[in-house]
Amino acid sequence: MGDPKPTSSSFSATASSKPPPPPPPSQQTSLVQPSNKKKHKPVKAFHVFRSVFRSFPIISPMCKFPSLPGGVLPDTHHRTSSTAGKRVTGTLFGYRKGRVNLSVQENPRTLPTLVVELAMQTNALQREMSVGMVRIALECEKRPERDRTELLQEPLWNMYCNGKKSGYGVKREATEEDLQIMELLRAVSMGAGVLPGKSDVEGPDGELAYMRAHFERVVGSRDSETLYLLSPDGNNGPELSIFLVRV
């Protein structure tokens, strides 16, 4: 599929077509280790997925507007070049009646650098994405200065969706199934749709929904990072922001 032009028709095609079944567990992945080398690529416009997600089942109440520590949200509209971050590939995926997982990769061809199981059902996130901007905050306790644990290595997070506490986000190692999904989406830079799932286990809702996009990763400090979904224009800001903070 590659980098399709951001038109509504192209994403509708992405959502309606189903890739071939995942490779068998014994097949080796072709994903490579991420590079530590910093790359500066031009930011491409990304077409939001509201129309796709609106067609999925929804069973979730709307959340209130967000509030981070101190009641202040980072400015998502006026980031200067000095605070511009690095573009990464983010994938949100999960069974429709199961939890959403977040995978962050350097690019679609590399192994995940972060996998977090979020305290939110897939169909609940689909609802929030269909009605407006979604802001997810993952918070954990601040560590002593002598503790050099990296922020993305924190094992457990308090999770908030648009200011409402949802439960906990749990960092975990990528499973065999996670790697199969990333392998299946290796040629996809951005898109949304469904993949064949474990219908024998999950029942009729066994299809696995996914949304893949370019995110801008902005490192504020050793205790704060943000992933901004790159939107199609610079005026309306991202449709989805994920804040990772120690408080």
Side-chain angles (χ1 to χ4, degrees), residues 19 21-39 85-122 124-125 136-143 147-161 166-189 194-198 200-202 206-215 217 219 222-227 229 240 242-246:
S26 59
Q27 180 173 329
Q28 292 185 345
T29 179
S30 62
L31 301 174
V32 299
Q33 291 290 341
S35 170
N36 292 326
K37 182 179 179 181
K38 293 184 178 180
K39 299 177 181 179
K86 178 181 178 181
R87 191 178 73 170
V88 297
T89 296
T91 308
L92 292 159
F93 62 97
Y95 293 100
R96 294 185 179 186
K97 292 185 178 179
R99 286 192 171 194
V100 180
N101 299 279
L102 168 67
S103 170
V104 178
Q105 298 165 274
E106 185 179 272
N107 61 63
R109 298 174 299 280
T110 62
L111 293 166
T113 55
L114 175 69
V115 178
V116 179
E117 181 178 316
L118 303 177
M120 191 174 195
Q121 285 195 331
T122 303
L125 177 61
I136 294 173
L138 298 173
E139 300 179 358
C140 61
E141 291 186 3
K142 187 172 289 188
R143 292 175 175 268
D147 190 329
R148 307 308 299 175
T149 300
E150 295 183 4
L151 182 63
L152 299 188
Q153 297 304 314
E154 291 287 354
L156 187 66
W157 309 80
N158 289 309
M159 178 180 162
Y160 299 82
C161 172
S166 303
Y168 297 95
V170 180
K171 178 185 179 298
R172 57 178 174 77
E173 295 298 322
T175 65
E176 188 175 89
E177 184 179 18
D178 295 335
L179 296 179
Q180 288 179 11
I181 293 168
M182 297 304 107
E183 179 71 28
L184 193 61
L185 297 176
R186 186 173 180 270
V188 180
S189 295
V194 293
L195 301 174
K198 300 179 294 185
D200 56 331
V201 177
E202 301 292 332
E207 290 181 331
L208 185 141
Y210 75 89
M211 183 190 79
R212 168 165 284 188
H214 297 309
F215 284 78
R217 178 187 173 191
V219 179
R222 67 184 296 266
D223 294 321
S224 68
E225 293 191 20
T226 307
L227 296 171
L229 175 69
L240 172 66
I242 302 173
F243 305 91
L244 300 100
V245 292
R246 291 190 183 112

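Heads up: numbering here begins at 1 and tracks the sequence.
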Is there side-chain contact between Leu185 and Leu195, with at least one heavy-atom pair below 4.5 Å?
-> yes
Is there side-chain contact between Gln121 and Val100, with heavy atoms separated by less than 4.5 Å?
-> no
Side chains of Gln153 and Arg148, donor plus acceptor under 3.5 Å | no
First locate atom CZ of Arg186, then atom CG of Asn107, and finally report the distance between them rounded to the nearest 0.5 Å.
-> 9.0 Å
Would you check, one step at a time, whether the test side chain to side chain contact (heavy atoms under 4.5 Å, CB included) holds for Leu102 with Ile242?
-> CA-CA 10 Å; Leu102 168 67; Ile242 302 173; 3.9 Å; yes
Do Leu156 and Lys171 have side-chain heavy atoms sitting under 4.5 Å apart?
-> no
Flag, side chain of Arg87 to backbone of His214, donor-acceptor distance under 3.5 Å | no
Ion pair present between Glu154 and Arg143, side-chain N to carboxylate O less than 4.0 angstrom?
-> yes
Over all atoms of both residues, closest heavy-atom pair of Leu114 and Leu152 | CD1-O, 3.6 Å
Check whether any side-chain heavy atom of Thr89 sits under 4.5 Å from a side-chain heavy atom of Val104, and report yes or no.
-> no
What are the two closest non-hydrogen atoms of Leu111 and Pro34, and how far apart are they?
-> O-CD, 4.0 Å
With a 4.5 Å heavy-atom cut-off, do Pro112 and Leu179 have their side chains touching?
-> yes
To the nearest 0.5 angstrom, please state how far the CZ atom of Phe243 sits from the CD atom of Glu139.
-> 11.0 Å
Closest approach of Ser166 to Ala119 (non-hydrogen atoms, all atoms of both residues) | CB-O, 3.4 Å
Kindly determine whether Arg212 and Ser189 satisfy side chain to side chain contact (heavy atoms under 4.5 Å, CB included), including the steps that lead there.
-> CA-CA 7 Å; Arg212 168 165 284 188; Ser189 295; 5.9 Å; no
Would you say Arg217's side chain and Glu225's backbone share a donor-acceptor pair under 3.5 angstrom?
-> no
Will you find, in the side chains of Arg99 and Thr122, an N or O donor that is under 3.5 Å from an N or O acceptor?
-> no
Side chain to side chain contact (heavy atoms under 4.5 Å, CB included) between Tyr160 and Ile136, worked out = CA-CA 6 Å; Tyr160 299 82; Ile136 294 173; over 6 Å; no
Do side-chain atoms of Gln105 reach the backbone of Thr113 as a donor and acceptor pair under 3.5 angstrom?
-> no
Closest heavy-atom pair, Glu183 versus Ser30, reported as atoms and distance to 0.1 Å, is OE2-OG, 2.7 Å
Identify whether the distance between the nearest side-chain nitrogen and carboxylate oxygen of Glu141 and Arg246 falls below 4.0 Å.
-> no
Taking all heavy atoms of Met182 and all of Leu31, pick out the closest pair and write down the distance.
-> CB-CD1, 3.6 Å
Asn101 and Arg172: side chain donor to acceptor below 3.5 Å = yes
Picking from Leu125, Val170, Leu92, what satisfies side-chain contact (heavy atoms from CB on, under 4.5 Å) with Leu118?
-> Leu92
State the CZ-CG distance between Phe215 and Leu229, to the nearest 0.5 angstrom.
-> 5.0 Å
SG/Cys140 to CG/Leu151 distance, rounded to the nearest 0.5 angstrom?
-> 6.0 Å
Side chains of Ser35 and Glu106: donor-acceptor distance under 3.5 Å anywhere?
-> no
Can you check whether Ile181 reaches Phe93 side chain to side chain, under 4.5 Å on heavy atoms?
-> yes
Flag the pair Val194 / Arg96 as yes when at least one side-chain heavy-atom distance between them is below 4.5 Å, and no otherwise.
-> yes
Take Val245 and Asp223 through the test side chain to side chain contact (heavy atoms under 4.5 Å, CB included) and record every step on the way to the result.
-> CA-CA 6 Å; Val245 292; Asp223 294 321; over 6 Å; no
